[in-house]
Asker: 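Structure below; questions to follow.
Here the structure is a predicted model, which is why all the values come from computation and not from measurement.
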Amino acid sequence: MKPVVWGVLSTAKIGVQHVIPAMLSSPLVELRAIASRTLPPAQEAARSLGIAQAYGSYEELLADPAIEAVYNPLPNHLHVPLTLQAAAAGKHVLCEKPVALSAAEAETLRTASARVHIEEAFMVRHHPQWRRARELVRAGRIGELRAVQVFFSYFNDDPDNIRNQPGIGGGALYDIGCYAVLAGRYLFESEPRRAVSLVDRDPQLGTDRLTSALLDFGAGRQLNFTVSTQSVRFQRVQVVGTLGRIELFIPFNAARGEQMHLALDEGGLLDGSSVTVETLPAADQYRLQVEAFCRRVRDGASPQAGGLEDAVAQARVIDALWLSERTGRWEAIA
(Lines give C-alpha, C1' and ligand atoms only; values in the text may rest on other atoms or scores of the structure.)
Protein backbone atom coordinates (compact mmCIF):
# COMPACT_ATOMS: atom_id res chain seq x y z
CA MET A 1 0.00 0.00 0.00
CA LYS A 2 1.25 3.45 -0.86
CA PRO A 3 1.99 5.33 2.37
CA VAL A 4 -0.36 8.13 3.35
CA VAL A 5 1.35 11.52 3.67
CA TRP A 6 0.63 13.10 7.05
CA GLY A 7 1.01 16.41 8.83
CA VAL A 8 0.62 17.07 12.57
CA LEU A 9 -1.08 20.16 13.98
CA SER A 10 0.80 21.30 17.10
CA THR A 11 3.57 19.95 19.28
CA ALA A 12 1.18 18.61 21.92
CA LYS A 13 2.60 16.08 24.36
CA ILE A 14 0.34 13.22 23.28
CA GLY A 15 1.54 13.67 19.72
CA VAL A 16 5.23 14.08 20.44
CA GLN A 17 5.42 11.25 22.98
CA HIS A 18 2.95 8.73 21.60
CA VAL A 19 1.32 9.28 18.21
CA ILE A 20 4.26 10.64 16.23
CA PRO A 21 6.63 7.81 17.29
CA ALA A 22 3.88 5.38 16.24
CA MET A 23 3.59 7.10 12.87
CA LEU A 24 7.33 7.04 12.32
CA SER A 25 7.42 3.29 13.01
CA SER A 26 4.81 2.46 10.39
CA PRO A 27 5.45 1.67 6.72
CA LEU A 28 1.94 2.95 5.95
CA VAL A 29 2.82 6.49 7.04
CA GLU A 30 4.97 9.20 5.49
CA LEU A 31 5.12 11.92 8.12
CA ARG A 32 5.97 15.03 6.15
CA ALA A 33 5.37 18.02 8.42
CA ILE A 34 4.57 19.40 11.86
CA ALA A 35 3.14 22.84 12.62
CA SER A 36 2.89 25.11 15.62
CA ARG A 37 1.53 28.63 16.19
CA THR A 38 5.09 29.91 15.80
CA LEU A 39 8.00 28.43 13.89
CA PRO A 40 10.63 27.71 16.63
CA PRO A 41 8.64 25.00 18.50
CA ALA A 42 7.78 23.31 15.22
CA GLN A 43 11.43 23.39 14.13
CA GLU A 44 12.59 21.97 17.45
CA ALA A 45 10.05 19.13 17.26
CA ALA A 46 10.91 18.43 13.64
CA ARG A 47 14.62 18.20 14.45
CA SER A 48 14.18 15.96 17.47
CA LEU A 49 11.73 13.62 15.77
CA GLY A 50 13.24 13.54 12.29
CA ILE A 51 10.33 15.22 10.49
CA ALA A 52 11.22 16.84 7.17
CA GLN A 53 9.19 20.05 7.30
CA ALA A 54 8.26 22.53 10.03
CA TYR A 55 5.59 25.20 9.64
CA GLY A 56 5.04 28.29 11.77
CA SER A 57 1.26 28.21 11.43
CA TYR A 58 -1.45 25.59 11.04
CA GLU A 59 -2.66 27.29 7.86
CA GLU A 60 0.73 26.81 6.17
CA LEU A 61 0.63 23.08 6.85
CA LEU A 62 -2.93 22.77 5.58
CA ALA A 63 -1.91 24.57 2.39
CA ASP A 64 0.78 21.96 1.64
CA PRO A 65 -0.63 20.06 -1.35
CA ALA A 66 1.41 16.93 -0.60
CA ILE A 67 -0.28 16.32 2.75
CA GLU A 68 -3.23 13.92 2.57
CA ALA A 69 -4.14 13.53 6.24
CA VAL A 70 -3.61 15.46 9.45
CA TYR A 71 -3.50 14.50 13.09
CA ASN A 72 -5.19 17.12 15.29
CA PRO A 73 -4.15 16.99 18.98
CA LEU A 74 -4.90 20.66 19.68
CA PRO A 75 -6.70 21.79 22.86
CA ASN A 76 -10.30 20.58 22.92
CA HIS A 77 -11.93 23.86 21.88
CA LEU A 78 -9.86 23.90 18.68
CA HIS A 79 -10.73 20.39 17.55
CA VAL A 80 -13.74 21.34 15.45
CA PRO A 81 -12.42 24.63 13.97
CA LEU A 82 -9.15 23.10 12.78
CA THR A 83 -10.82 19.89 11.63
CA LEU A 84 -13.15 22.00 9.49
CA GLN A 85 -10.20 23.94 8.10
CA ALA A 86 -8.36 20.72 7.30
CA ALA A 87 -11.41 19.21 5.62
CA ALA A 88 -11.88 22.37 3.56
CA ALA A 89 -8.29 21.90 2.38
CA GLY A 90 -9.12 18.33 1.36
CA LYS A 91 -7.27 16.63 4.22
CA HIS A 92 -8.53 13.60 6.12
CA VAL A 93 -8.49 14.17 9.90
CA LEU A 94 -7.64 11.97 12.85
CA CYS A 95 -8.76 14.19 15.74
CA GLU A 96 -8.00 13.68 19.40
CA LYS A 97 -10.87 13.07 21.76
CA PRO A 98 -13.25 14.59 22.47
CA VAL A 99 -13.80 15.54 18.86
CA ALA A 100 -16.16 18.31 20.03
CA LEU A 101 -17.41 19.92 23.23
CA SER A 102 -21.06 19.13 22.47
CA ALA A 103 -23.12 17.02 20.12
CA ALA A 104 -24.30 20.18 18.35
CA GLU A 105 -20.69 21.17 17.69
CA ALA A 106 -19.87 17.67 16.46
CA GLU A 107 -22.82 17.89 14.07
CA THR A 108 -21.13 20.81 12.30
CA LEU A 109 -18.61 18.31 10.95
CA ARG A 110 -21.28 16.31 9.12
CA THR A 111 -20.96 18.00 5.73
CA ALA A 112 -17.15 17.80 5.89
CA SER A 113 -17.29 14.11 6.79
CA ALA A 114 -18.99 13.39 3.47
CA ARG A 115 -15.85 14.62 1.67
CA VAL A 116 -13.03 13.32 3.86
CA HIS A 117 -12.55 10.77 6.64
CA ILE A 118 -12.92 12.25 10.13
CA GLU A 119 -12.25 10.01 13.11
CA GLU A 120 -12.15 10.53 16.87
CA ALA A 121 -8.83 9.15 18.11
CA PHE A 122 -9.82 6.51 20.65
CA MET A 123 -6.73 4.33 20.27
CA VAL A 124 -7.92 1.79 22.85
CA ARG A 125 -10.39 0.35 20.33
CA HIS A 126 -7.44 -1.07 18.43
CA HIS A 127 -5.57 -2.67 21.32
CA PRO A 128 -5.64 -6.50 21.54
CA GLN A 129 -6.77 -6.42 25.20
CA TRP A 130 -9.95 -4.54 24.33
CA ARG A 131 -10.68 -6.69 21.31
CA ARG A 132 -10.15 -9.83 23.38
CA ALA A 133 -12.47 -8.54 26.12
CA ARG A 134 -15.25 -7.96 23.63
CA GLU A 135 -14.58 -11.33 22.01
CA LEU A 136 -15.02 -13.04 25.39
CA VAL A 137 -18.25 -11.14 26.02
CA ARG A 138 -19.60 -12.04 22.58
CA ALA A 139 -18.71 -15.69 23.12
CA GLY A 140 -20.73 -15.78 26.34
CA ARG A 141 -17.74 -16.63 28.52
CA ILE A 142 -19.07 -14.44 31.35
CA GLY A 143 -22.74 -15.14 30.69
CA GLU A 144 -24.98 -12.17 30.05
CA LEU A 145 -23.11 -8.88 30.38
CA ARG A 146 -24.67 -6.86 33.19
CA ALA A 147 -22.26 -4.17 34.34
CA VAL A 148 -19.14 -2.31 33.28
CA GLN A 149 -17.25 -0.44 35.99
CA VAL A 150 -14.47 2.04 35.21
CA PHE A 151 -12.09 3.99 37.44
CA PHE A 152 -9.56 6.32 35.81
CA SER A 153 -7.56 9.00 37.64
CA TYR A 154 -4.37 11.05 37.79
CA PHE A 155 -3.23 14.10 39.76
CA ASN A 156 -2.71 17.44 38.03
CA ASP A 157 -3.68 20.75 39.66
CA ASP A 158 -1.45 23.02 37.55
CA PRO A 159 -3.61 26.02 36.57
CA ASP A 160 -1.52 26.59 33.44
CA ASN A 161 -2.20 23.10 32.12
CA ILE A 162 -4.88 23.03 29.42
CA ARG A 163 -6.60 20.14 31.22
CA ASN A 164 -7.37 22.53 34.07
CA GLN A 165 -8.91 25.35 32.03
CA PRO A 166 -12.69 25.05 31.85
CA GLY A 167 -13.12 27.57 29.05
CA ILE A 168 -11.29 25.37 26.55
CA GLY A 169 -12.70 21.98 27.51
CA GLY A 170 -10.62 21.02 30.52
CA GLY A 171 -11.64 18.75 33.38
CA ALA A 172 -12.03 15.08 34.12
CA LEU A 173 -15.13 14.25 32.08
CA TYR A 174 -13.82 15.63 28.80
CA ASP A 175 -10.27 14.38 29.31
CA ILE A 176 -10.75 10.86 30.66
CA GLY A 177 -14.45 10.36 31.31
CA CYS A 178 -14.88 10.04 27.57
CA TYR A 179 -12.87 6.78 27.78
CA ALA A 180 -15.25 5.44 30.40
CA VAL A 181 -18.26 6.28 28.22
CA LEU A 182 -16.56 4.58 25.28
CA ALA A 183 -15.90 1.48 27.41
CA GLY A 184 -19.60 0.98 28.02
CA ARG A 185 -20.60 1.66 24.43
CA TYR A 186 -17.85 -0.62 23.11
CA LEU A 187 -18.60 -3.59 25.36
CA PHE A 188 -22.41 -3.37 25.38
CA GLU A 189 -22.32 -2.59 21.64
CA SER A 190 -25.28 -0.27 22.09
CA GLU A 191 -26.11 3.25 23.21
CA PRO A 192 -27.19 4.27 26.72
CA ARG A 193 -30.73 5.54 27.21
CA ARG A 194 -30.28 7.86 30.18
CA ALA A 195 -27.57 9.08 32.54
CA VAL A 196 -27.04 10.71 35.90
CA SER A 197 -23.87 12.35 37.21
CA LEU A 198 -22.29 13.63 40.42
CA VAL A 199 -19.65 16.29 39.89
CA ASP A 200 -17.16 17.93 42.26
CA ARG A 201 -15.51 21.07 40.88
CA ASP A 202 -12.25 22.63 41.98
CA PRO A 203 -13.21 25.95 43.63
CA GLN A 204 -10.25 27.79 42.10
CA LEU A 205 -9.88 26.12 38.70
CA GLY A 206 -13.56 25.60 37.98
CA THR A 207 -12.98 22.24 36.29
CA ASP A 208 -14.60 18.99 37.37
CA ARG A 209 -11.93 17.25 39.41
CA LEU A 210 -14.02 14.25 40.47
CA THR A 211 -16.93 13.03 38.37
CA SER A 212 -18.98 9.88 38.80
CA ALA A 213 -21.82 8.69 36.60
CA LEU A 214 -24.34 5.93 36.09
CA LEU A 215 -25.53 5.11 32.57
CA ASP A 216 -28.56 2.96 31.81
CA PHE A 217 -28.16 0.83 28.68
CA GLY A 218 -31.56 -0.80 29.11
CA ALA A 219 -32.42 -4.46 29.78
CA GLY A 220 -30.78 -4.22 33.22
CA ARG A 221 -27.36 -3.22 31.82
CA GLN A 222 -25.36 -0.48 33.51
CA LEU A 223 -22.10 1.42 33.19
CA ASN A 224 -20.82 3.20 36.26
CA PHE A 225 -17.61 5.15 36.41
CA THR A 226 -15.51 7.56 38.43
CA VAL A 227 -12.86 9.78 36.87
CA SER A 228 -10.61 12.28 38.61
CA THR A 229 -7.87 14.75 37.75
CA GLN A 230 -6.89 15.17 41.41
CA SER A 231 -6.53 11.63 42.73
CA VAL A 232 -3.76 9.08 42.77
CA ARG A 233 -2.88 7.68 39.35
CA PHE A 234 -4.99 4.57 38.79
CA GLN A 235 -7.07 2.83 36.15
CA ARG A 236 -9.15 -0.35 35.99
CA VAL A 237 -12.06 -1.76 34.04
CA GLN A 238 -14.32 -4.49 35.41
CA VAL A 239 -16.66 -6.27 33.01
CA VAL A 240 -19.24 -8.26 35.00
CA GLY A 241 -21.67 -10.85 33.71
CA THR A 242 -24.11 -13.37 35.15
CA LEU A 243 -21.49 -16.17 35.11
CA GLY A 244 -18.10 -14.46 35.17
CA ARG A 245 -15.98 -11.36 35.11
CA ILE A 246 -13.20 -9.77 33.04
CA GLU A 247 -10.67 -7.33 34.45
CA LEU A 248 -8.43 -5.01 32.42
CA PHE A 249 -5.47 -3.89 34.52
CA ILE A 250 -4.05 -1.07 32.37
CA PRO A 251 -6.96 -0.42 30.05
CA PHE A 252 -6.13 3.03 28.72
CA ASN A 253 -2.39 3.74 28.95
CA ALA A 254 -1.06 0.41 27.71
CA ALA A 255 2.68 0.75 27.21
CA ARG A 256 3.87 0.71 23.59
CA GLY A 257 5.31 -2.64 22.58
CA GLU A 258 4.62 -4.35 25.91
CA GLN A 259 2.39 -7.32 26.64
CA MET A 260 -0.80 -6.58 28.56
CA HIS A 261 -2.71 -8.97 30.80
CA LEU A 262 -6.40 -9.68 31.15
CA ALA A 263 -8.06 -11.58 34.00
CA LEU A 264 -10.96 -13.92 33.28
CA ASP A 265 -12.97 -15.18 36.24
CA GLU A 266 -15.39 -17.90 35.14
CA GLY A 267 -16.25 -19.19 38.60
CA GLY A 268 -16.66 -16.25 40.95
CA LEU A 269 -14.69 -17.82 43.79
CA LEU A 270 -13.81 -15.11 46.27
CA ASP A 271 -10.35 -16.52 46.99
CA GLY A 272 -9.34 -15.89 43.35
CA SER A 273 -8.82 -19.55 42.48
CA SER A 274 -11.28 -19.30 39.58
CA VAL A 275 -9.30 -16.53 37.89
CA THR A 276 -7.07 -17.18 34.88
CA VAL A 277 -4.80 -14.51 33.43
CA GLU A 278 -4.32 -14.19 29.69
CA THR A 279 -1.28 -12.50 28.18
CA LEU A 280 -2.07 -10.39 25.14
CA PRO A 281 0.42 -9.82 22.33
CA ALA A 282 2.64 -6.77 22.52
CA ALA A 283 1.15 -3.90 20.55
CA ASP A 284 1.30 -0.18 19.92
CA GLN A 285 -2.31 0.95 20.05
CA TYR A 286 -1.42 4.31 18.48
CA ARG A 287 0.25 2.65 15.50
CA LEU A 288 -2.69 0.27 15.05
CA GLN A 289 -5.05 3.25 15.11
CA VAL A 290 -3.07 5.24 12.54
CA GLU A 291 -2.67 2.25 10.25
CA ALA A 292 -6.39 1.50 10.33
CA PHE A 293 -7.01 5.13 9.38
CA CYS A 294 -4.47 4.92 6.54
CA ARG A 295 -6.21 1.86 5.11
CA ARG A 296 -9.53 3.70 5.09
CA VAL A 297 -7.94 6.63 3.30
CA ARG A 298 -6.60 4.29 0.63
CA ASP A 299 -9.61 2.00 0.18
CA GLY A 300 -12.30 4.62 0.82
CA ALA A 301 -14.23 2.32 3.15
CA SER A 302 -16.46 3.68 5.89
CA PRO A 303 -15.13 2.96 9.39
CA GLN A 304 -16.77 0.16 11.35
CA ALA A 305 -16.23 2.32 14.42
CA GLY A 306 -14.80 5.73 15.06
CA GLY A 307 -16.50 7.74 12.33
CA LEU A 308 -18.53 10.88 12.82
CA GLU A 309 -21.72 9.09 13.85
CA ASP A 310 -19.82 7.43 16.66
CA ALA A 311 -18.33 10.75 17.74
CA VAL A 312 -21.75 12.40 17.82
CA ALA A 313 -23.12 9.51 19.91
CA GLN A 314 -20.25 9.98 22.38
CA ALA A 315 -20.92 13.69 22.61
CA ARG A 316 -24.64 13.14 23.28
CA VAL A 317 -23.78 11.09 26.37
CA ILE A 318 -21.42 13.75 27.70
CA ASP A 319 -24.07 16.42 27.03
CA ALA A 320 -26.52 14.45 29.17
CA LEU A 321 -23.99 14.14 31.99
CA TRP A 322 -23.36 17.90 32.02
CA LEU A 323 -27.11 18.51 32.04
CA SER A 324 -27.52 16.07 34.93
CA GLU A 325 -24.90 18.01 36.89
CA ARG A 326 -27.11 21.10 36.58
CA THR A 327 -30.48 19.45 37.22
CA GLY A 328 -29.49 16.77 39.71
CA ARG A 329 -31.71 14.33 37.83
CA TRP A 330 -31.53 11.45 35.37
CA GLU A 331 -31.37 12.87 31.86
CA ALA A 332 -32.41 11.17 28.64
CA ILE A 333 -29.74 10.75 25.97
CA ALA A 334 -31.04 12.13 22.68
Side-chain angles (χ1 to χ4, degrees), residues 6-26 29 31 33-51 53-58 61 69-83 86 93-101 119-124 126-127 152-179 182 205 207 209 227-235 250-258 284-290 293:
W6 285 77
V8 175
L9 299 176
S10 97
T11 57
K13 181 178 177 180
I14 189 172
V16 170
Q17 294 188 358
H18 298 289
V19 180
I20 291 175
M23 288 178 162
L24 293 171
S25 73
S26 173
V29 173
L31 182 49
I34 188 168
S36 190
R37 288 174 296 177
T38 58
L39 188 56
Q43 289 176 322
E44 181 180 351
R47 280 195 300 269
S48 64
L49 294 164
I51 300 171
Q53 181 69 49
Y55 288 114
S57 73
Y58 307 135
L61 185 147
V70 298
Y71 168 58
N72 178 358
L74 288 162
N76 293 342
H77 70 302
L78 296 177
H79 285 175
V80 166
L82 267 296
T83 294
V93 184
L94 178 63
C95 182
E96 268 306 326
K97 49 75 199 163
V99 77
L101 297 180
E119 179 178 327
E120 191 168 27
F122 279 111
M123 70 294 181
V124 295
H126 301 273
H127 197 283
F152 192 5
S153 60
Y154 61 82
F155 195 98
N156 181 345
D157 61 357
D158 177 4
D160 294 326
N161 190 287
I162 60 171
R163 291 173 178 82
N164 292 319
Q165 298 175 17
I168 62 174
L173 183 56
Y174 278 136
D175 191 43
I176 51 180
C178 58
Y179 284 108
L182 180 77
L205 299 174
T207 52
R209 60 184 176 185
V227 291
S228 176
T229 58
Q230 292 185 26
S231 297
V232 67
R233 190 181 185 201
F234 181 67
Q235 53 186 259
I250 310 178
F252 307 113
N253 296 124
R256 183 169 66 248
E258 292 187 13
D284 181 342
Q285 58 189 347
Y286 295 99
R287 174 171 168 170
L288 293 172
Q289 172 182 249
V290 169
F293 191 88

Asker: What distance separates Q289 CD from M123 CE, expressed to the nearest 0.5 Å?
Answerer: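 One gets 7.5 Å once the value is rounded to the nearest 0.5 Å.
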
Asker: Please tell me if the side chains of F122 and C178 come closer than 4.5 Å, counting only heavy atoms from C-beta onward.
Answerer: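 F122 reaches C178 side chain to side chain.
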
Asker: Is D284 reaching over with its side chain to a backbone N or O of R256, donor-acceptor style, under 3.5 angstrom?
Answerer: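 Side chain of D284 to backbone of R256: no pair is present.
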
Asker: Less than 4.5 Å apart, side chain to side chain, heavy atoms only: is that true for R47 and Q43?
Answerer: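 The answer is yes; the side chains approach within 4.5 Å.
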
Asker: Of all residues at least two apart in sequence or in a different chain, which pass the side chain to side chain contact (heavy atoms under 4.5 Å, CB included) check with D157?
Answerer: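 Once residues adjacent in sequence are excluded, the partners of D157 under the side chain to side chain contact (heavy atoms under 4.5 Å, CB included) criterion are F155, Q230.
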
Asker: I'd like to check the side chain to side chain contact (heavy atoms under 4.5 Å, CB included) partners of S36; sequence neighbours left out, ordered by chain and number.
Answerer: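 So S36 forms a side chain to side chain contact (heavy atoms under 4.5 Å, CB included) with T11, P41, A42.
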
Asker: So F293 and W6, would you call those rings parallel, tilted or perpendicular, with 30° and 60° as cut-offs?
Answerer: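 Rings of F293 and W6: tilted, as their planes differ by 30° to 60°.
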
Asker: Looking at side-chain heavy atoms only, is the closest gap between K97 and L182 below 4.5 Å?
Answerer: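 SC-SC contact between K97 and L182 ruled out.
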
Asker: Mind checking whether M23 and Y71 have side chains closer than 4.5 Å, heavy atoms only?
Answerer: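 A side-chain contact exists here, since the closest heavy-atom pair is under 4.5 Å.
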
Asker: Hey, is the main chain of S25 close enough, under 3.5 Å, to the side chain of R287 for a donor-acceptor pair?
Answerer: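 Yes: the side chain of R287 pairs with the backbone of S25.
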
Asker: So how far is it from I34 CD1 to S48 OG, rounded to the nearest 0.5 Å?
Answerer: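 It comes to 8.0 Å.
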
Asker: I need the minimum non-hydrogen distance between L74 and S10, along with the two atoms involved.
Answerer: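 Closest approach of L74 to S10: CD2-CB, 3.4 Å.
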
Asker: How long is the straight-line distance from CD of Q235 back to CZ of F252, given to the nearest 0.5 Å?
Answerer: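 Interatomic distance, F252 CZ to Q235 CD, rounded to 0.5 Å: 6.5 Å.
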
Asker: Any idea which heavy atoms bring L49 and V16 closest together, and the distance?
Answerer: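 Answer, listing the atom of L49 first, then V16: CD2-O, 4.1 Å.
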
Asker: Hey, does V70 have a side-chain heavy atom less than 4.5 Å from the side chain of Y58?
Answerer: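 No - every pair of side-chain heavy atoms lies 4.5 Å or more apart.
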
Asker: Working to the nearest 0.5 angstrom, can you tell me the gap between R209 CZ and N156 CG?
Answerer: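 Here the rounded value is 13.5 Å.
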
Asker: In terms of heavy-atom contacts, does CG of L78 have more than 12 from other residues, nucleotides or ligands at under 6.0 Å?
Answerer: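 For L78, atom CG is crowded (more than 12 foreign heavy atoms under 6.0 Å).
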
Asker: Could you tell me which non-hydrogen atom of S228 sits nearest to which non-hydrogen atom of I176, and how far apart they are?
Answerer: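 Nearest heavy atoms, S228 then I176: O-CD1, 3.6 Å.
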
Asker: I'd like to know whether H127 forms a side-chain contact (heavy atoms from CB on, under 4.5 Å) with L288, so could you lay out the CA-CA distance, the side-chain angles of the two residues, the decisive distance to 0.1 Å, and finally the verdict.
Answerer: CA-CA 7 Å; H127 197 283; L288 293 172; 5.7 Å; no

Asker: What are the two closest heavy atoms between S231 and S153, and how far apart are they?
Answerer: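 Looks like CB-CB, 3.9 Å.
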
Asker: Determine whether a donor-acceptor pair (N or O, by modelled atom type, separation under 3.5 Å) exists between the side chain of E96 and the backbone of H79.
Answerer: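 A pair under 3.5 Å: no.
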
Asker: Where do L39 and A54 come nearest, in terms of heavy atoms and distance?
Answerer: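 Scanning both residues completely, I find the closest heavy atoms to be CD1-O, 3.8 Å.
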
Asker: Taking C-beta and beyond as the side chain, do P166 and T207 meet within less than 4.5 Å on heavy atoms?
Answerer: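 Contact flag for P166/T207 side chains = yes.
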
Asker: Please name the pair of heavy atoms, one in C95 and one in T83, separated by the smallest distance, quoted to 0.1 Å.
Answerer: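 Heavy atoms of C95 and T83 come nearest at SG-OG1, 3.8 Å.
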
Asker: Just verifying a value: how many Å separate D175 CG and I162 CD1, rounded to the nearest 0.5 Å?
Answerer: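 Output value for this atom pair is 8.0 Å.
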
Asker: Please check this pair: side chain of E120 against backbone of V99, looking for a donor-acceptor N/O pair closer than 3.5 Å.
Answerer: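 Pair found, side chain donor or acceptor close to backbone of V99.
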
Asker: Measure the shortest side-chain to side-chain distance between I51 and V8 over non-hydrogen atoms and say whether it is less than 4.5 angstrom.
Answerer: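 With C-beta onward as the side chain, the pair stays apart.
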
Asker: Does N164 reach the main-chain N or O of L205 with its side chain, forming a donor-acceptor pair under 3.5 Å?
Answerer: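 Flag not set: sc N164 to bb L205 has no pair under 3.5 Å.
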
Asker: Determine whether a donor-acceptor pair (N or O, by modelled atom type, separation under 3.5 Å) exists between the side chain of H77 and the backbone of G167.
Answerer: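 Answer holds: no.
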
Asker: Between the side chains of N253 and Y154, does any donor sit under 3.5 Å from an acceptor?
Answerer: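 There is no such pair between these side chains.
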
Asker: When rounded to the nearest 0.5 angstrom, what distance separates CZ in F234 from CD1 in I250?
Answerer: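 F234 atom CZ to I250 atom CD1 measures 10.5 Å (nearest 0.5 Å).
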
Asker: Using a 6.0 Å cut-off, check whether atom CD of Q17 has over 12 heavy atoms from anything other than its own residue.
Answerer: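 Yes, the 6.0 Å shell around CD holds more than 12 heavy atoms from other groups.
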
